[in-house]
Amino acid sequence: MTTSKNKVVIFLGPPGAGKGTQAERLAHEQQLVKISTGDILRDHVERGTELGQQAGPLMKAGKLVPDDLLMALIRDRLASMDSVRVIFDGFPRTTAQAQELDMLLEELGAPISAVPLLEVPDDLLIARIVERGKTSGRDDDTEAVARERQNVYREQTRPLIDYYAARGHLKTVDGVGTMDEVYSRISSTLN
């Protein structure tokens, strides 16, 4: 695995900030694989796998899935790649996960390129999630679950901002505006 081909981008920000939408576009334009643990877990829930049966009730309640299950998915996915060219969307969510991911990336010779942080006010986040629930059919996109996700984010995920800032990876991006405006801001932080 050659390090020069590797590129690792980690999107941070609260649920509803637009990480998934922006990560999808960036992945397409820079030939990166978008890794969303949420997408992976929802797939397992839909297929009724053992992992899906464990994760489904937690996800529906807005809780986080245990780290050991997530890390097994991530390790398997990254180890199968010739070069690690990925965007993480919604992972890591805790400093413990970030430390585990750092060790895995070091083992694979794939250092973190950048960590864009999308910042959006809470009231707009809740509105976005509820609207997404109406159009996507995701039954976990209700106002109550959205508020619980914001609480979980503040308690458990927000410390990642300090973690990645201390390592010089964090790039703060205003997540309010059109999709193109936000994408332009993200692109400029990665160049």
Side-chain angles (χ1 to χ4, degrees), residues 1-15 17-28 30-118 138 140 149 152-153 155-171 186 190:
M1 192 180 298
T2 57
T3 311
S4 62
K5 291 183 182 179
N6 295 333
K7 184 168 191 168
V8 178
V9 177
I10 299 171
F11 270 97
L12 285 184
K19 297 181 301 288
T21 302
Q22 298 296 343
E24 197 75 48
R25 184 172 175 183
L26 190 67
H28 176 73
Q30 296 197 12
Q31 293 80 48
L32 303 169
V33 174
K34 179 179 165 257
I35 296 182
S36 166
T37 54
D39 289 346
I40 293 169
L41 289 166
R42 278 189 290 279
D43 175 59
H44 280 269
V45 170
E46 285 175 23
R47 291 187 292 128
T49 67
E50 184 178 331
L51 175 60
Q53 291 172 15
Q54 292 173 37
L58 295 170
M59 292 166 62
K60 200 164 196 147
K63 304 290 183 195
L64 296 179
V65 173
D67 288 357
D68 58 336
L69 297 175
L70 291 178
M71 286 311 299
L73 289 169
I74 300 297
R75 175 175 287 284
D76 182 62
R77 184 72 176 105
L78 296 184
S80 70
M81 300 175 146
D82 290 333
S83 58
V84 180
R85 295 188 52 77
V86 298
I87 295 178
F88 285 100
D89 167 25
F91 183 86
R93 291 190 182 194
T94 65
T95 22
Q97 289 175 355
Q99 291 165 343
E100 286 273 332
L101 182 60
D102 282 351
M103 287 188 288
L104 176 59
L105 293 172
E106 185 177 326
E107 181 184 313
L108 297 172
I112 294 170
S113 305
V115 181
L117 167 65
L118 295 180
R138 279 180 54 178
D140 61 335
R149 280 196 206 126
V152 169
Y153 170 76
E155 291 170 16
Q156 297 180 13
T157 310
R158 199 137 174 90
L160 288 173
I161 294 168
D162 295 334
Y163 181 84
Y164 286 117
R167 284 154 183 77
H169 299 305
L170 193 73
K171 310 288 184 196
I186 291 167
L190 298 180

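This one's a predicted model, so the numbers in the text were calculated from it and none came from an experiment.
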Heavy-atom side-chain proximity of [X] to [Y] below 4.5 angstrom:
{"X": "Pro92", "Y": "Tyr164", "value": "yes"}
{"X": "Asp162", "Y": "Thr95", "value": "no"}
{"X": "Arg158", "Y": "Ile161", "value": "yes"}
{"X": "Leu12", "Y": "Leu170", "value": "yes"}
{"X": "Val65", "Y": "Met59", "value": "yes"}
{"X": "Val115", "Y": "Val9", "value": "no"}
{"X": "Asp43", "Y": "Arg47", "value": "yes"}
{"X": "Leu26", "Y": "Leu190", "value": "yes"}

Test item: [X] side-chain N/O and [Y] main-chain N/O as donor-acceptor pair under 3.5 Å:
{"X": "Ser83", "Y": "Asn6", "result": "no"}
{"X": "Arg167", "Y": "Tyr163", "result": "yes"}
{"X": "Arg85", "Y": "Lys5", "result": "yes"}

* To do: Output all residues satisfying side-chain hydrogen bond (donor to acceptor under 3.5 Å, both in side chains) with Arg93, sequence neighbours left out; order by chain, then residue number.
  =>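 With neighbours one apart ignored, the set is empty.
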Exercise for review: Apply side chain to side chain contact (heavy atoms under 4.5 Å, CB included) to the pair Phe91 and Ile10, showing each step before the final yes or no.
Suggested key: CA-CA 7 Å; Phe91 183 86; Ile10 299 171; over 6 Å; no
Pair Glu24 + Lys19, salt bridge at N-O below 4.0 Å:
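No, this pair does not count.
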Note to self: One pair to check against side chain to side chain contact (heavy atoms under 4.5 Å, CB included): Ile35 and Asp89. What are the steps and the verdict?
What the structure shows: CA-CA 6 Å; Ile35 296 182; Asp89 167 25; over 6 Å; no
